[in-house]
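Here the structure comes first, spelled out in structure tokens, and everything after it is commentary.
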Amino acid sequence: MKKSVIGFPRIGKDRELKSAAESYFSGKLTENDLLNTARALRSEHWKIQKTAGIDFIPSNDFSFYDNMLDTAVLFNAVPKRYKELELNPLEEYFAMARGYQGDKGDVKALAMKKWYNTNYHYLVAEIEDSTEIKLTGSKPFDEFLEAKSQGILTKPVVIGIYTFLKLARLTGAKTGADIESSLISAYKSFLERFSSIGAQWLQFDEPSLVMDMTEEDTALFTRLYAAILSSKGALKILLQTYFGDIRDCYAKAVSLSFDGIGLDFTEGRRTEALIAGGFPADKILFAGIINGKNIWKNNYKATLDKLTEIRRFAEDIVLSTSCSLLHVPYTLESETDLAASRKKHFAFAREKLTELSDLSEIISSDEPFKHPKYLENAEVFAEKRGGEDARVQEKTGSLKESDFIRLPPFAEREKAQKEKLRLPPLATTTIGSFPQTADVRSNRAAFRAGKISEEEYTAFNKKKIAECIALQEKIGLDVIVHGEFERNDMVEYFGENLNGFLFTKKAWVQSYGTRCVKPPIIWGDISRTRPITVGYSVYAQSLTNKPVKGMLTGPVTILSWSFPREDIPLNESTLQIALAIREEVLDLEKNGIKVIQIDEAALREKLPLRKSDWHSEYLNWVIPAFRLVHSGVKAETQIHTHMCYSEFTDIIPDIDAMDADVISFEASRSDLLIIDALKAANFKTEVGPGVYDIHSPRIPSVEEIKTALLKMLEKLPKEKLWVNPDCGLKTRGEKETVPSLENLAAAAKEVRGK
Ligand code: GLN
Ligand code: ZN
């Protein structure tokens with residue numbers, strides 16, 4: 001059986017692409033050096049896949065920042081404001097990704113959104129009325145030829161027309177219908193160009209097909225592809241879907257003249273049922289059976305059983321990953337500190353390539369179940385993994401309904417908190433972290449390497465905290481934070497201080513642009529043995545009369561940004577984490593912390609892609625799990641939460657039902673539509689919509705923030721409105737952070753005075 005990979009991680013084994021790009025941003029590396037690093041990485045990644053025996057190796061899965069952005073640039077969807085800067089192409093590309101502030105102008109970045117239900121972010125293409133959509137870029141062709149010159153005939157990948165159209169934002173008066181024909185022509189030219197340079201297969205990524213589709217959507221999908229496929233000539237086209245099943249358009253998809261259809265058999269709950277209803281004999285089924293989102297070893301027995309089923313309905317099968325391997329770390333080989341007894345349970349991107357070839361080999365042998373590779377795999381799954389804790393299971397088992405309800409009700413608490421905290425209207429605060437400057441990182445690195453003692457390490461952090469508090473007082477912020485200098489990452493930090501987690505050295509996964517995260521692995525049952533954040537929070541509070549906000553990560557986010565277990569349900573893991581964080585909340589309160597923020601940055605991201613699953617598969621357990629964390633505190637203790645993502649217009653009642661006292665969220669890169677929705681839904685929780693974008697180094701002016709606040713005040717009463725940036729400041733430098741916060745405080749003050 002042949003093997004296909006949907007996409008391969010591009011950041012590099014040691015995050016070489018990140019280092020090179022960031023050095024280029026800071027002017028330490030030339031454009032040419034950056035291009036060379038990129039070329040070397042691509043070449044290495046192709047070779048690895050070739051060596052692993054992959055038959056369908058992707059190209060154009062590489063990106064300097066994001067593939068949606070690449071596709072926008074490919075089709076000339078570059079908004080005027082960037083063109084007017086008159087930068088060179090790469091600079092213009094990065095201006096769209098990161099914003100531009102320099103001698104040529106001052107322009108914000110494109111909006112950034114989460115890529116379906118992953119922690120990867122894509123840039124939202126903007127199509128203006130004046131945008132002339134046509135094929136102008138050459139990246140996919142260049143990369144194809146680059147691989148070809150190295151003796152590798154790749155399968156170029158691009159975001160498909162339907163998904164592109166669904167995710168792009170039309171900023172003027174034009175509608176999708178107005179740009180349909182030019183977009184079709186652009187994709188046709190794309191096809192023709194590939195035919196002319198010798199490609200055999202093209203992969204169109206269409207994850208939007210796993211979302212709920214209306215009849216109009218399926219008609220649109222059919223119309224778009226009927227038109228495009230008429231130009232395919234001898235080229236073979238793979239319709240690649242992932243992150244779920246394509247129940248709404250399956251019938252249409254199999255009736256169009258695609259040559260291959262890629263379906264997700266790991267996340268797509270109905271995929272098997274769909275093909276059981278018939279799969280055309282003239283098409284190849286690219287069966288996504290290797291999980292591209294989690295790091296557990298594939299269970300060959302289970303997969304072979306599944307494949308036996310699949311083969312009843314489809315003759316021609318290619319084994320594939322379930323989605324791009326972008327969402328898993330590079331290789332287990334870098335994990336030299338992980339015990340062999342643990343390591344054998346995992347497979348990262350490179351190891352997943354081996355799984356594909358193992359499975360293909362096993363399946364074509366005479367006695368698959370006697371194949372040595374099969375037996376070796378079966379042995380791993382036969383033994384008990386360990387990590388169970390009976391006390392934890394007993395605790396979650398004995399939870400009562402009342403444990404999930406905080407009393408008194410919100411209105412009473414709001415009053416008690418106003419009296420206790422005495423904050424001004426439009427209270428200012430930040431989301432928690434302050435810039436993780438080089439000294440902060442080297443202090444942590446030195447401690448980890450055993451070069452400094454714990455006392456020295458802590459003393460340095462305390463010094464940073466004291467400086468941070470002094471800075472916030474000087475700026476005049478109302479609710480102070482300690483700055484999170486002791487945290488490498490908001491999830492890893494808690495994981496390291498709880499029982500049940502495993503850690504990796506280099507298991508980085510790209511989150512946005514050059515930013516990567518290193519999710520811990522949930523190995524066993526989770527519990528807390530000692531206070532985690534109390535020491536630093538209490539110290540910070542001792543330095544100021546203003547309230548210091550305790551800073552915790554919530555259970556849904558800890559779970560979502562870890563690699564979860566596959567042997568117990570997600571809600572069971574979430575409750576275990578919720579109970580551990582609850583103990584921390586109560587300890588903070590007991591030690592005099594009056595405001596506690598429980599970040600649920602990832603809550604929105606994991607919302608199932610289909611509306612019909614929202615409550616039954618998710619909200620029904622995550623919202624109560626959040627309440628369990630804070631239901632034990634006193635009325636006057638103010639609970640904040642933060643979500644990184646403001647697209648929750650459709651679940652506002654559920655967000656309110658988290659029953660926090662204040663919620664801050666990202667709003668600056670998207671428009672303020674969410675505020676209308678909050679008003680319409682009579683949202684009770686106080687809100688802090690981010691007034692500036694921290695994902696870009698740009699400094700917002702006082703005027704700009706004032707305008708945003710005044711707009712918000714048209715919809716929200718001033719008693720309910722908080723003023724804050726849209727996320728934590730840790731990825732920013734001090735250079736832009738200090739003036740940005742000064743402008744924020746000044747804007748709040750001026751608006752208050754009105
Ligand atoms: N408190 C965290 C911080 O400021 C929240 C980060 C996040 O939302 N991703 O870094
Ligand atoms: Zn955030």
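Source: prediction; values computed, not measured. Just so you know, ligand 1 is whichever comes first in the structure, and atom 1 is the first atom listed for that ligand.
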Below 4.0 angstrom from a heavy atom of [X], which ligand 1 atoms are there? Numbered from 1 as shown, please.
{"X": "C644", "result": "7 (C), 8 (O), 9 (N)"}
{"X": "E484", "result": "1 (N), 2 (C), 3 (C), 4 (O), 10 (O)"}
{"X": "D599", "result": "1 (N), 2 (C), 5 (C)"}
{"X": "G432", "result": "4 (O)"}
{"X": "G728", "result": "3 (C), 4 (O), 10 (O)"}
{"X": "S433", "result": "3 (C), 4 (O), 10 (O)"}

Inset, instruction - Look at the rings of F503 and F501 and say which category their plane angle falls in: under 30° parallel, 30 to 60° tilted, over 60° perpendicular. - result: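 F503 and F501: parallel rings.
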
Legend entry - Plane angle bin for F447 and Y457 - parallel if under 30°, tilted between 30 and 60°, otherwise perpendicular: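 Plane angle under 30°, so parallel.
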
Legend entry - Main-chain N/O of L426 paired with K720 side-chain donor or acceptor, under 3.5 Å: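 Checked: no pair found.
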
Legend entry - Nearest-contact summary for atom 6 (C) of ligand 1 - protein heavy atom, Å: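 Looking only at protein heavy atoms, the one closest to atom 6 (C) of ligand 1 is M490 SD, 3.4 Å.
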
Inset, instruction - Check the side chains of D599 and Q597 for a donor-acceptor pair under 3.5 angstrom, ignoring hydrogens and angles. - result: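 There is such a pair (donor and acceptor under 3.5 Å, judged by atom type) between the side chains of Q597 and D599.
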
Inset, instruction - Answer yes or no on whether R98 is positioned over the face of F25, meaning its NZ or CZ is under 6.0 Å from the six-membered ring centre and within 45° of the axis. - result: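 Yes, a cation-pi geometry.
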
Inset, instruction - Determine whether more than 12 heavy atoms belonging to other residues, nucleotides or ligands lie under 6.0 Å from atom NZ of K684. - result: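 Above 12, so yes.
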
